[in-house]
Amino acid sequence: MADDSTVTIRASFSTREAADLAVEHLVQQQGVSRPDIFVQSATAENTSGSRASGGDASHADGTRHDGALDGDIEVSVDIAADQIAAVQRISGMSGR
């Protein structure tokens, strides 16, 4: 009998770039529907991550300091139990 239960897995990322990459892996490699993926601040503060990346890090005048670097970004998704190992391999996410 197949296990058709679902589990919520989540991971925290220090940059928005890394969180976006995890979302793309979930969608493109695991076939997870975008509306089933949730991205939010891992803290109570509005944040774009805890480290500058992308345009914030490669700004012409050096790293920008006006972004909301107030904590990590959490990505969570409910997936079928039989997808856990594959999702953990591609995105570093863990079940909770």
Side-chain angles (χ1 to χ4, degrees):
M1 178 189 262
D3 181 2
D4 60 355
S5 63
T6 60
V7 64
T8 300
I9 61 169
R10 55 182 42 94
S12 291
F13 298 92
S14 60
T15 66
R16 180 64 194 216
E17 179 182 29
D20 287 343
L21 185 59
V23 169
E24 289 307 310
H25 285 174
L26 289 168
V27 171
Q28 295 177 16
Q29 295 178 6
Q30 290 300 308
V32 176
S33 178
R34 284 186 196 276
D36 294 333
I37 303 169
F38 303 93
V39 180
Q40 65 185 19
S41 173
T43 68
E45 301 296 321
N46 185 27
T47 186
S48 59
S50 55
R51 285 190 312 118
S53 70
D56 291 336
S58 61
H59 191 264
D61 297 325
T63 301
R64 292 180 57 174
H65 300 286
D66 59 344
L69 299 177
D70 295 321
D72 287 348
I73 298 166
E74 181 182 85
V75 175
S76 63
V77 62
D78 291 335
I79 59 165
D82 62 357
Q83 289 182 290
I84 294 172
V87 168
Q88 287 175 331
R89 269 195 312 277
I90 64 169
S91 65
M93 299 180 79
S94 63
R96 285 193 195 159

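Positions are given from 1 along the sequence.
The hydrophobic cluster containing Val32 does not contain Leu21, counting ILVMFWY residues as joined when their side-chain heavy atoms lie under 4.5 angstrom apart, directly or transitively.
Counting only N and O atoms by type, the side chains of Ser14 and Asp72 include no donor and acceptor under 3.5 Å apart.
Annotation: the span from Leu26 atom CG to Gln83 atom CD amounts to 9.0 Å, rounded to 0.5 Å. Atom CD1 of Ile73 and atom OG of Ser41 lie 8.0 Å apart (nearest 0.5 Å). With rounding to the nearest 0.5 Å, the separation of CG in Asp78 from CZ in Arg10 is 8.5 Å.
The list of salt bridge (Lys or Arg N to Asp or Glu O under 4.0 Å) pairs with a residue in residues 31-43, not counting sequence neighbours, reads Glu24-Arg34.
Of the options Val77, Ile84, Val87, a side chain to side chain contact (heavy atoms under 4.5 Å, CB included) to Val7 is made by Ile84 and by none of the others.
The salt bridge (Lys or Arg N to Asp or Glu O under 4.0 Å) test applied to Asp20 returns Arg16, not counting sequence neighbours.
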